[in-house]
Amino acid sequence: MTTPTVVVADPLPKQVLAGLGTRFTVRRCDGTDRPALLAAVADAEALIIRSATRVDREVLAAAPRLRIVARAGVGLDNVDVEAAAEAGVLVANAPESNVVSVAELTVGLIISALRNIPAAAASLRAGQWRRADFQGSELSGRTVGILGFGRVGRLVARRLAAFDMRIEYHDPYVLQEAADPWGARAVGLGELLSGADVLTVHLPLTAGTRNLIGERELRLAKRNLLLVNTARGGIVNEKAVALALAEGRIAGACLDVFAAEPSVPRDLLALPSLLPTPHIGASTAEAQTRAAETAVSAVRDLLLPVPEPV
Ligand code: MLT
């Protein structure tokens, strides 16, 4: 009997992949190398990816035996889910795998930016001792606006409430009653933007959320606003952010995600009020293990025959 072929197109922890055992043929490839990906999936039954590999109609057409795309992570914006459904290919993700890691990074970025930690460390490394230049501000008593009150938004709310921040959120799908346990107040998007000292984005990227925060929205913000995006690039318009930072209309931004990763606009990167990180929200040992385990389980559950009851 031939064993099903699983293509692993993004880096995943070796010890978790070992869980596929001897009942699968595991083939690794670099999913960002298009010809290599198309060749690798030609006889594959399963494809496991993170966010760098794009699965579209071309990939699906090149993989006539494919039965499952397992996404070791949350976002599905790199998978054409509709085309997969048409092709009869199951798409599975790992929705709980990295939410804690992303929420913790969000809080870390906020504190780092408000206390100037990266700049202070860089200055000390450069041989300077400039305490007075790095006066920051407390989180306590400030208002955080959470855009998107799903899994990550709620975890961020709970963590920032512990810092005595006032929590407001905007999410048309989450009623006030559902947010009560988190001590968060539902507001309209305009009120969220104009009232926030910190605005943090926790939405998926969809046609409806692309460029949701642009020039017009940023003009509603307070001058001390710290904008944070650890969700998806493209929800916040990078040109509008660069302009708002350059003109001092907002105080700072922490961006972990970008519209055209891995490329990041140079003019944006050059701004000292930007704290950029290379999409590391889910980059913890715990999150990577959980995400890979969920993806591997989805593949095993679908492709391995259920043993006969004894
Ligand atoms: C996710 O969607 O799971 C995170 O952004 C991390 C990743 O892209 O793998």
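Treat the numbers as computed from the prediction; the structure is a model and nothing was measured. This chain uses plain numbering: 1 for the first residue, then up along the sequence. When a ligand or atom number is given, it counts from 1 through the structure's own listing order.
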Can you confirm whether more than 12 heavy atoms, excluding those of E247, are under 6.0 Å from its CD atom? yes
Side-chain hydrophobic cluster, 4.5 Å single linkage: members besides L76: V7, L37, L38, V41, L47, I49, V55, V59, L60, L66, V69, V79, V81, V89, V91
Are D10 and T53 linked by a side-chain donor-acceptor pair shorter than 3.5 Å? yes
Looking at every heavy atom in both H202 and V152, which two are closest together, and how far apart are they? ND1-CG1, 3.4 Å
Is the backbone N or O of S97 less than 3.5 Å from a side-chain atom of R290, with the two atoms forming a donor-acceptor pair by type? yes
As a test of reading the model: which residues have a non-hydrogen atom less than 4.0 Å away from ligand 1? R50, S51, R71, G73, V74, G75, N98, R232, H279, A282
Exceeds 12 heavy-atom contacts within 6.0 angstrom, atom CZ of R28: yes
